[in-house]
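Encoded as structure tokens, the structure appears first; notes follow it.
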Number of protein chains: 2
Amino acid sequence: MAGMKIAAWNVNSVRARLDRLVEWLKNTQPDVVCLQELKCTDAEFPREAVLEAGYHAAVHGQKTYNGVAILARTPPQDVVSGLSDGVEDSHARVIAATVDGVRVVSVYAPNGQQVDSPAYVYKLEFYARLRRYLDTRHKPGEPLALCGDWNVAPEDLDVWDPVAWQGQTLFTEKEKAAWRELCAFGLTDTFRSLYPAEKKFSWWDYRMLAFQKNQGVRIDHVLATGPLVKRLTAAGVDREARKGKQPSDHAPVWAEFKAG
Amino acid sequence: MAGMKIAAWNVNSVRARLDRLVEWLKNTQPDVVCLQELKCTDAEFPREAVLEAGYHAAVHGQKTYNGVAILARTPPQDVVSGLSDGVEDSHARVIAATVDGVRVVSVYAPNGQQVDSPAYVYKLEFYARLRRYLDTRHKPGEPLALCGDWNVAPEDLDVWDPVAWQGQTLFTEKEKAAWRELCAFGLTDTFRSLYPAEKKFSWWDYRMLAFQKNQGVRIDHVLATGPLVKRLTAAGVDREARKGKQPSDHAPVWAEFKAG
DNA sequence: GCATGTGGCG
DNA sequence: CGCCACATGC
């Protein structure tokens, strides 16, 4: 693997955000981008515009909701859509592909709505299923990156006000436990590993001027296995991309790995 | 009265078209603008942005449908909303005001939907009521301009294909007769009086690439009484404003009067 | 708040 | 085709 910058961005409709996405690709020049919430079918995905910007796309789309993709400068290989675990599940939340020797998975974890709602139960099950997906298909010694919107803020440092967030969806003990259980496969939160004390966010509610007041949470993460973490040189949140007119409610997050 | 350029534009939602309207005001610098189809209430009308562009506004708004306004460099005087003829009518289709000594009326005539439908009957009645409005309040010897979307193409020259339009709403004999009866008050179609043989349009359907094929109709008109017609120097359609992204389906029409 | 879809209207 | 309204998701 050459040096590689991997980003993850919940775009909240790739068609509504196409101009911003293309602009951001041109300015940021990541090697791989995991997109979430495409909110379009495979056929509706703007392949041409993305290709013009220099990226091939592996797309697992869905009408109106969810939808994930992996963009890369070279065509993604061995694309696998979904968890393929036999569970009835119409949500397009996972796509995997190999890029330049690294297995990349774009993940849009369920939001969970209200605590103990069916959606919340589904969210916890999704995390368990994803852990089994890794156990079945991968080893922690392989170069593997899982990137996306995880809808979990793992620690107090990851929400703007831990007291206000106490017991709220994205920040409950059960969700954090599901997250830790996933990471226990052998995954490292790249941003947090480099910056153990940084309070940076990746999502801000559209309402109540949350972004202007920096009342956000860090729920978008680039997770990596040991072989990649060894090469980790930088990680961050592209807060600029949340500014201006008609932004996504999420900022892109990214991690950079040196050649090895 | 100083020299005066009066325009009329059905903007098809003033909020959806605000950027285009402001841009057009800055480029075109009309003295008076009659707007139709505001599709917003008085409270929702973007007064600030319009004022920043240099225009005061008299607004007769309505939620979702209709809505008319008069913009002017100096505050419109003696504003009168509606026909005030005692008829039950919730449609905001008429507003009048005096600007620089000229009585200006912004009119959004009913579309009429299908021939002989209740909406069609309402349209014919609207024309008769407007004629009575003029008879009651004005004299043909006063400087008076009625400007707006009349939803009538008065002559064969005013539709792209008179055969195709034969008997269609906007072009039926009854509508043309209602239009002539209104004009018989003492009003002149400024554009047609200057250009008796010009085939120019002011509205093109959003569908079927009608604008690209120039398959339009001329249904937006600046009507003026004798004292103004004497000063008429130019009239036209601002076809450019119908181009580009997210245009109104109407182009602005205008007439220019010299000082007198 | 800002997306999505649907359905009415022109 | 492109407004509006309304419902629904996050």
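Treat the numbers as computed from the prediction; the structure is a model and nothing was measured. Below, read A as the first sequence line, B as the second, and so on, with proteins coming before strands; counting in each chain starts at 1.
- A search for side chain to side chain donor-acceptor pair (under 3.5 Å) contacts involving A:Tyr120 returns A:Thr172, not counting sequence neighbours.
- Atom-to-atom, CE of B:Met208 to P of C:dG10 comes out at 16 Å; the value is rounded to the nearest Å.
- Look at CH2 on B:Trp204: it is 17 Å from P on D:dC3, rounded to the nearest Å.
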Distance-only donor-acceptor pairs under 3.5 Å for side chains of residues 164-171 of chain B, two or more places apart:
unit_1   : atom_1 : unit_2   : atom_2 : d
B:Thr169 : OG1    : B:Gln113 : O      : 2.6

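- Rounded to an integer number of Å, the gap from B:Gln114 CD to C:dG10 P is 9 Å.
- Note: CZ (B:Arg242) to P (D:dC3) measures 11 Å, nearest angstrom.
- Rounded to whole Å, atom C1' of D:dC3 lies 14 Å from atom CD of B:Glu44.
- Between the side chain of A:His221 and the backbone N or O of A:Val152 there is at least one donor-acceptor pair closer than 3.5 Å.
- Remark: side-chain polar atoms of A:Thr190 are paired, donor with acceptor, to backbone N or O of A:Val222 under 3.5 angstrom.
- Atom-to-atom, CD of B:Gln36 to P of D:dC3 comes out at 18 Å; the value is rounded to the nearest Å.
- Ion pair A:Lys176/A:Glu173 flagged as a salt bridge, since at least one NZ, NE, NH1 or NH2 atom sits closer than 4.0 Å to an Asp/Glu carboxylate oxygen.
- Nearest approach of A:Ala241 to A:Pro247, heavy atoms of both residues: O-CB, 4.1 Å.
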* Asked: Once each nucleotide of nucleotides 4-10 of chain D is scored for protein heavy atoms under 4.0 Å, what B/S/- sequence comes out, 5' to 3'?
  -> SS---SS
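- The distance from atom CZ of B:Phe211 to atom C1' of D:dG2 is 16 Å, rounded to the nearest whole Å.
- Between B:Gln246 and D:dC1 there is no side-chain N or O to OP1 or OP2 distance below 4.0 Å.
- In this structure, B:Arg20 places its CZ atom 10 Å from P of D:dC3, rounding to the nearest Å.
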